[in-house]
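Report on one structure; see the data block that follows.
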Amino acid sequence: MSTKIRVRFAPSPTGPLHMGGVRTALYNYLFAKKHGGDFILRIEDTDQNRYVPGAEEYIIEALKWCGIMPNEGVGFGDGPHAPYRQSERKDIYKKYADQLIASGHAYYAFDSEEELTILRTEMEAVKSSFAYNAITRKQLINSLTLSKAETDKRLSGAEHYVIRLKVPENEDIHVKDIIRGDVSVHTSQMDDKVLFKSDGMPTYHLANVVDDYLMKITHVIRGEEWLPSAPLHVLLYRSFGWENVMPQFAHLPLLLKPEGNGKLSKRDGDRLGFPVFPLRWVDPATREESSGYREKEYYPEAFTNMLALLGWHPSGDKEIYSMEELIEDFSLERVNKSGAKFDPEKTKWFNQHYLRLKPDSVLADHLKSILRTEFNFSSDDHRMQDDFLLKAIPLLKERVQFEHEMLEVGRYLLFKPTEYDQQVISKKWKDSHAAFFRALLNAYENLNDFNSVETEKVFQETAVSNGLKPGEVLQLFRVFLSGQGGGVNLFGMAELLGKQEVLQRLKSAMAVVGVELNA
RNA sequence: GGCCCGUUCGUCUAGGGGUUAGGACGCGUCCCUUUCACGGAUGAAACACGAGUUCGAUUCUCGUACGGGCUACCA
């Protein structure tokens, strides 16, 4: 009998989700969809001190932007296992912690944080380290060393306590990881982790295991930073007697920063010139702003395509993947073991690729709204008409990686040049060319079908009849029309600008260069 | 420090006991083009090191080095 695949993405709302988190969500989503399973969003907000307002909304919006849609969860209509916010499940965890106490797998500990900190610093001073474990717990203040009466007294009083897992002595704990194979850790290396905090909230370890069990999670797919605590989680499943329904684990390689070493951190992005966040984020406390892929005009499909390939790769050479194709081809077995350095350049290339795939009409609509909001063009401006934009876009879209670059690259299509590239003019201009441009002006004035084919034909004929090779005057013509020596297809530009505009620009340029129009 | 994980071109990676070690981004050159871009062609560029197993290791094993992660009443 096969049980339904159920996976979860379980971020903690301590700030914006960064791209590593998005990738984890993506892999969970792909895996679930591939197997016809469920993908759940659970908010792990058991640490109330680290709660950041807006972070949860950010996570939800980011997933939506990426097209990573949970079946159940906070912000996505909940579901049969609601609530999906751990702070709202508070009562559940105490019960399970008590169950562990009753079965002897956990115990109460009364040591204060201060006392433990002192122990830690003392041990560090002698280049050692302190762990609350099978050895040290015998000397500390807990229900193992205290009498039953004393323990009860402390529990019923106002004294703060935590519940710790009683890690067994001298045993190897094995974690079967889909990506890494068998990973084992000896219990002497583990410590008696706190499961239940003195503020009445569970720690991640308890909450995560209890919720995964309750929500019938079959596969835990998360970042490699969790690998060291995986044995603890295995121990927890065993202590609860849930080993037979324990999820399978897959620990994903980390995303590394492009330069130097270390994992990609929230601080790297804008420092190195690329966003680390899917969406822009303004820190509510400091007002510090971090850029986002969405606002930088990356397409979500480019972003997710790039992310999917950072740590996973199909057996072939295919690199352009739609979400549907990713779902089709994805498998955890083909996720790499080693960390992947993020490459901002390749991300731009993906964007360029997807931009070319956009229908011109879609790009035209986007441009239109930018022209309206940023350039204050009115709706009846001829440059706002489809007629104009649908001709301009094919000239521009092959030359840019982002939509806004079309306006930078093609500025001269919108506005008359105010100055002319002097380098080109002084290099190419000869007084003898004046006659040619006068003739060209005249020929264009008499041309009725002012399209790219005709304008080019006329241009060439005029050049030849003036004893010139077209190439001698072509770049000058370009500078006269656009002000610059390079740019979009010249006669395509002429057609786009239209007869009147071309004649006007030509006249203005000739006046600047000093050609007598009527000579 | 301890524990755990990893290591193929600069980067993402394919491959896998015998290969001219393949692709993509980026970079160089050439072609196309009046220019730029696109496109096409092409070039430079990698199996961390040392042992072992083997007729043969980049591939398997072990060590070393290097990199990373974890080491909280954070997740």
Side-chain angles (χ1 to χ4, degrees), chain A residues 10-14 44-47 49-50 86 109 111-113 116-117 120 123-124 126-132 160-164 175 177 179-181 183-186 188-191 193-205 207-208 222-231 251 253-254 256 258-259 261-263 306 309-320 334 336-350 352 356 395-400 409 424 428 459 469-479 482 484-490:
Chain A
S12 119
T14 53
E44 310 230 326
D45 55 350
T46 51
D47 185 357
N49 301 322
R50 297 211 310 158
Q86 289 184 329
D111 320 270
S112 72
E113 273 187 271
L116 294 177
T117 306
R120 272 192 194 95
M123 291 302 278
E124 271 164 31
V126 292
K127 289 242 189 291
S128 187
S129 61
F130 167 79
Y132 209 116
H160 284 237
Y161 67 91
V162 300
I163 296 175
R164 286 181 183 272
V175 179
D177 188 280
I179 296 167
R180 287 154 212 284
V183 176
S184 74
V185 175
H186 194 84
S188 63
Q189 302 300 329
M190 299 169 64
D191 58 349
K193 278 272 179 291
V194 170
L195 302 178
F196 201 83
K197 301 185 271 187
S198 58
D199 66 357
M201 283 292 241
T203 59
Y204 167 84
H205 304 294
N208 149 272
R222 75 231 300 190
E224 191 185 352
E225 69 268 28
W226 292 110
L227 193 53
S229 53
H251 288 94
L254 264 11
L256 275 16
E259 287 157 20
N261 304 316
K263 75 170 170 178
M306 173 280 293
L309 259 12
L310 226 44
W312 170 83
H313 203 279
S315 56
D317 289 334
K318 180 169 169 171
E319 292 206 291
I320 298 299
R334 291 199 63 86
N336 283 96
K337 294 181 181 70
S338 49
K341 278 190 185 177
F342 166 68
D343 181 359
E345 288 308 311
K346 189 149 187 179
T347 312
K348 289 181 189 164
W349 175 80
F350 274 111
Q352 177 181 27
R356 296 217 183 105
L395 297 174
L396 295 168
K397 77 192 283 194
E398 299 294 316
R399 332 173 65 82
V400 298
V409 164
V424 175
K428 299 269 185 177
F459 184 91
K469 280 191 285 187
E472 287 181 67
V473 278
L474 241 150
Q475 204 181 5
L476 282 168
F477 182 42
R478 172 185 289 286
V479 173
S482 72
Q484 48 191 74
V488 304
N489 178 278
L490 183 49

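Since this is a predicted model, take the numbers as computed values, not measurements. Numbered from 1 within each chain, the chains take letters A, B, ... in sequence-line order.
Nucleic acid contact class of A:Thr14 (heavy atoms, under 4.0 Å, all strands): none. No engagement by A:Lys193 is indicated, since no non-hydrogen atom pair under 4.0 Å with the nucleic acid exists. Contact annotation for A:Val162: base contact, defined as any heavy-atom pair under 4.0 Å involving a base atom. Using a 4.0 Å heavy-atom cutoff across all strands shown, A:Leu490 reaches at least one base atom of the nucleic acid. At a threshold of 4.0 angstrom between heavy atoms, the contacts of A:Gly311 are confined to the sugar-phosphate backbone, with no base atom among them. At the heavy-atom level, A:Glu44 lies under 4.0 Å from the strands shown only through sugar-phosphate atoms. Within 4.0 Å (heavy atoms only), A:Asp177 reaches no atom of the nucleic acid at all. Backbone-only contact: A:Lys341 has heavy atoms under 4.0 Å from sugar-phosphate atoms and none from a base. Counting any heavy atom pair closer than 4.0 Å across all strands shown, A:Gly262 reaches sugar-phosphate atoms only and no base atom. Nucleic acid contact for A:Glu113: base, since at least one base atom lies under 4.0 Å from a heavy atom of the residue.
Here the separation of B:rU53 from B:rG69, taken at their P atoms, is 37 Å to the nearest Å. Distance check on atom P: B:rA37 versus B:rC32 gives 15 Å, rounded to whole Å. Across B:rG40 and B:rG18, the matching C1' atoms stand 35 Å from one another, rounded to whole Å. Remark: the separation of the P atoms in B:rA65 and B:rC27 is 38 Å, to the nearest Å. Between B:rU20 and B:rC62, the distance separating the two P atoms is 30 Å to the nearest Å. Here, B:rG52 and B:rA14 have their P atoms 30 Å apart, quoted to the whole Å. Across the C1' atoms, B:rU58 and B:rU19 are found 11 Å apart, a figure rounded to whole Å. For B:rC66 and B:rC74, the C1' atoms lie 30 Å apart once the distance is rounded to whole Å.
Note: CG (A:Asn489) to P (B:rU33) measures 13 Å, nearest angstrom. Atom CG of A:Leu256 and atom P of B:rC12 are 8 Å apart (whole Å). Following rounding to the nearest Å, A:Asn49 (CG) and B:rA72 (P) show an atom-to-atom distance of 17 Å. Across the protein-nucleic acid pair, A:Glu472 atom CD and B:rU34 atom P stand 14 Å apart, rounded to whole Å. If you measure from atom CG of A:Asp317 to atom P of B:rC25, you get 11 Å, rounded to the nearest angstrom. The distance between atom CE of A:Met201 and atom P of B:rA72, rounded to the nearest whole Å, is 21 Å. If you measure from atom NZ of A:Lys263 to atom C1' of B:rA75, you get 10 Å, rounded to the nearest angstrom. Taking atom CD on A:Gln352 and atom P on B:rC25, their separation rounds to 10 Å, with Å as the unit.
For A:Asp191, the side-chain contact (heavy atoms from CB on, under 4.5 Å) partners two or more places apart in sequence, or in a different chain, are A:Ala131, A:Lys193. With sequence neighbours left out, A:Glu319 forms a side chain to side chain donor-acceptor pair (under 3.5 Å) with A:Lys346. Annotation: salt bridge (Lys or Arg N to Asp or Glu O under 4.0 Å) contacts of A:Lys348 (sequence neighbours excluded): A:Glu345. By the salt bridge (Lys or Arg N to Asp or Glu O under 4.0 Å) test, A:Lys341 pairs with no residue at all, sequence neighbours left out. Legend: residues meeting side chain to side chain donor-acceptor pair (under 3.5 Å) with A:Asp343, ordered by chain and number and at least two apart, are absent. Listed by chain and residue number, A:Asp47 satisfy the salt bridge (Lys or Arg N to Asp or Glu O under 4.0 Å) test with A:Arg50 (two or more places apart in sequence, or in another chain). Qualifying side-chain contact (heavy atoms from CB on, under 4.5 Å) partners for A:Ser129, counting only residues two or more places apart in sequence or in other chains: none.
In this structure, A:Arg164 and A:Ser315 both approach RNA chain B, and ranking their closest nucleotides by distance from the 5' end singles out A:Ser315. Between A:Leu474 and A:Glu319, it is A:Glu319 whose nearest contact on RNA chain B lies nearer the 5' terminus.
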Apply side chain to side chain contact (heavy atoms under 4.5 Å, CB included) to the pair A:Phe342 and A:Met306, showing each step before the final yes or no. CA-CA 9 Å; A:Phe342 166 68; A:Met306 173 280 293; 3.6 Å; yes
From CA spacing to verdict: side chain to side chain contact (heavy atoms under 4.5 Å, CB included), A:Phe459, A:Val473: CA-CA 10 Å; A:Phe459 184 91; A:Val473 278; 3.9 Å; yes
List the steps, then state whether side chain to side chain contact (heavy atoms under 4.5 Å, CB included) holds for A:His251 with A:Ile179. CA-CA 7 Å; A:His251 288 94; A:Ile179 296 167; 5.8 Å; no
Protein and nucleotides 5-9 of chain B: nitrogen or oxygen contacts under 3.5 angstrom:
residue: B:rC5; atom: O2'; partner: A:Arg180; partner atom: NH1; Å: 2.5
residue: B:rC5; atom: O2'; partner: A:Glu224; partner atom: OE2; Å: 3.2

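Looking at the side chain of A:Ser198, the nearest of the listed nucleotides B:rC73, B:rC38, B:rU34 is B:rC73. Closest to the side chain of A:Thr46, out of B:rA75, B:rC12, B:rG69, is B:rA75. Looking at the side chain of A:Val185, the nearest of the listed nucleotides B:rC74, B:rC3, B:rG39 is B:rC3. Residue A:Arg478 has its side chain nearest to B:rU34 when only B:rU34, B:rC70, B:rC74 are considered.
In this structure, B:rU42 forms a base pair with B:rG28, meeting either the Watson-Crick or the G-U wobble geometry with both donor-acceptor distances under 3.5 Å. As the counterpart of B:rG6, B:rC66 is assigned, both hydrogen-bonding distances of the Watson-Crick or G-U wobble pattern falling under 3.5 Å. With a cut-off of 3.5 Å on both Watson-Crick or G-U wobble distances, the partner of B:rU54 is given as none.
Contact record, A:Pro253 with A:Arg180: N-NH2, 3.6 Å, taken as the closest heavy-atom pair.
For the pair A:Glu398 and A:Arg356, the salt-bridge criterion is met [side-chain N within less than 4.0 Å of a carboxylate O].
Listed by residue number, the members of residues 343-350 of chain A with any heavy atom below 4.0 angstrom from RNA chain B are A:Asp343, A:Glu345, A:Lys346, A:Trp349.
Side-chain nitrogen and oxygen atoms of A:Arg120 include at least one within less than 4.0 Å of the OP1 or OP2 phosphate oxygen of B:rC73. Between B:rC74 and A:Lys197, a contact under 4.0 Å exists linking OP1 or OP2 to a side-chain N or O. In terms of phosphate contacts, A:Arg334 brings a side-chain nitrogen or oxygen within less than 4.0 Å of OP1 or OP2 of B:rG15.
For the pair A:Gln475 (side chain) and A:Gly485 (backbone), a donor-acceptor distance under 3.5 Å is present.
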